[in-house]
Amino acid sequence: MKRIIAILVLTLGIAFQANAQDVKTVALEQTKGEFTQQGLTLKEGTYIFEISNKEVGHDVGFVLAPKGKVEAKDHIKNAYVTSLVKNNSKSTSKKVTLKKGEYVYFCPLNPTPQYTLKVE
């Protein structure tokens, strides 16, 4: 019985570790009025967005939405940064699973243009 429990614990540990490794971080930097990365192409998968505020002079945020659906009700809420990004600092989103398609990302606080994020 102890052996079965040990095998089960080991298997669960490996499964959790594999899931953690599948999450990729996408680093995006904002300057006054724009993102320095003006368009992205990613593969289907799970991501965390890390947003940097580079000398904007005030707090910034991050919005990700399906292309053509930028109203607040259509935003991908898990992509919001967990706290506003203060000047010269970083903040991250929660995990976001992206399927094939086109999205836009922008910051309404900076404000920035809407940039295309393609998922293949």
Side-chain angles (χ1 to χ4, degrees):
M1 185 62 150
K2 287 182 183 179
R3 182 178 237 185
I4 292 172
I5 292 172
I7 291 171
L8 182 61
V9 169
L10 180 62
T11 303
L12 286 174
I14 291 170
F16 284 125
Q17 186 176 11
N19 282 339
Q21 291 174 351
D22 288 345
V23 178
K24 298 167 196 75
T25 299
V26 176
L28 296 171
E29 179 183 75
Q30 287 189 54
T31 59
K32 289 184 182 179
E34 67 182 6
F35 279 87
T36 55
Q37 299 84 351
Q38 299 181 357
L40 294 169
T41 301
L42 303 173
K43 298 212 180 287
E44 274 189 306
T46 302
Y47 296 89
I48 291 175
F49 291 90
E50 179 184 77
I51 309 303
S52 299
N53 178 337
K54 178 85 172 175
E55 299 289 329
V56 174
H58 56 80
D59 295 351
V60 300
F62 179 71
V63 174
L64 180 67
K67 190 167 189 170
K69 296 183 176 185
V70 296
E71 299 298 319
K73 66 181 178 63
D74 299 311
H75 292 176
I76 299 170
K77 307 294 191 260
N78 278 354
Y80 289 161
V81 287
T82 56
S83 62
L84 290 177
V85 189
K86 306 239 178 266
N87 200 44
N88 296 318
S89 66
K90 298 177 184 180
S91 186
T92 59
S93 70
K94 296 178 182 177
K95 293 178 189 176
V96 179
T97 300
L98 298 175
K99 304 283 184 199
K100 288 183 182 181
E102 288 193 0
Y103 303 83
V104 293
Y105 63 96
F106 59 96
C107 176
L109 303 175
N110 197 352
T112 69
Q114 294 177 9
Y115 300 103
T116 300
L117 186 156
K118 292 181 184 177
V119 179
E120 301 176 334

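By the 30° and 60° cut-offs, the orientation of the rings of F35 relative to Y105 is perpendicular.
Put simply, L42 and I51 are part of the same group of oily side chains (I, L, V, M, F, W, Y) that touch within less than 4.5 Å, one to the next. Residues V96 and V60 share a hydrophobic cluster, clusters being chains of Ile/Leu/Val/Met/Phe/Trp/Tyr side chains in contact below 4.5 Å. Put simply, Y115 and L64 are part of the same group of oily side chains (I, L, V, M, F, W, Y) that touch within less than 4.5 Å, one to the next. Criterion: ILVMFWY side-chain heavy atoms under 4.5 Å apart, direct or through other members. Under it, V119 and F49 are part of a common hydrophobic cluster.
The closest donor-acceptor contact from the side chain of Q37 to the backbone of L28 lies at 3.5 Å or more, if one exists at all. With hydrogens and angles disregarded, no donor-acceptor distance shorter than 3.5 Å links the side chain of T46 to the backbone of K95. Of the possible donor and acceptor atoms, one in the side chain of T82 sits under 3.5 Å from a partner among the backbone N and O of T92.
Here the side chains of Q30 and N53 are not in contact, with every heavy-atom distance at 4.5 Å or above. Between V56 and V85 the shortest side-chain heavy-atom distance does not fall below 4.5 Å.
Looking at every heavy atom in both residues, K67 comes nearest to T116 through NZ-OG1, 3.8 Å. Residues S83 and S91 come closest through the heavy atom pair O-OG, 3.0 Å.
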For L117 and V26: C-alpha separation, side-chain torsions, deciding distance, then whether side chain to side chain contact (heavy atoms under 4.5 Å, CB included) applies. CA-CA 11 Å; L117 186 156; V26 176; over 6 Å; no
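To the nearest 0.5 Å, atom CZ of residue F106 and atom NE2 of residue H75 are 4.0 Å apart. I76 CD1 to K69 NZ: the interatomic distance, rounded to the nearest 0.5 Å, is 10.5 Å. Rounded to the nearest 0.5 Å, atoms OH (Y47) and CG (N78) are 15.5 Å apart. Of the inter-residue distances, the one linking T41 atom OG1 with E102 atom CD reads 9.0 Å to the nearest 0.5 angstrom. Going from atom NZ of K94 over to atom CD1 of I48 covers 11.5 Å, rounded to the nearest 0.5 Å. Rounded to the nearest 0.5 angstrom, L40 CG and L98 CG are separated by 10.5 Å.
For the 3.5 Å distance criterion, the side chains of E55 and N87 fail to qualify, holding no donor opposite an acceptor.
Atom CD of E71 has 12 or fewer neighbouring heavy atoms from other residues, nucleotides or ligands inside a 6.0 Å radius. Counting non-hydrogen atoms of other residues, nucleotides and ligands closer than 6.0 Å to NZ of K77 gives a total above 12.
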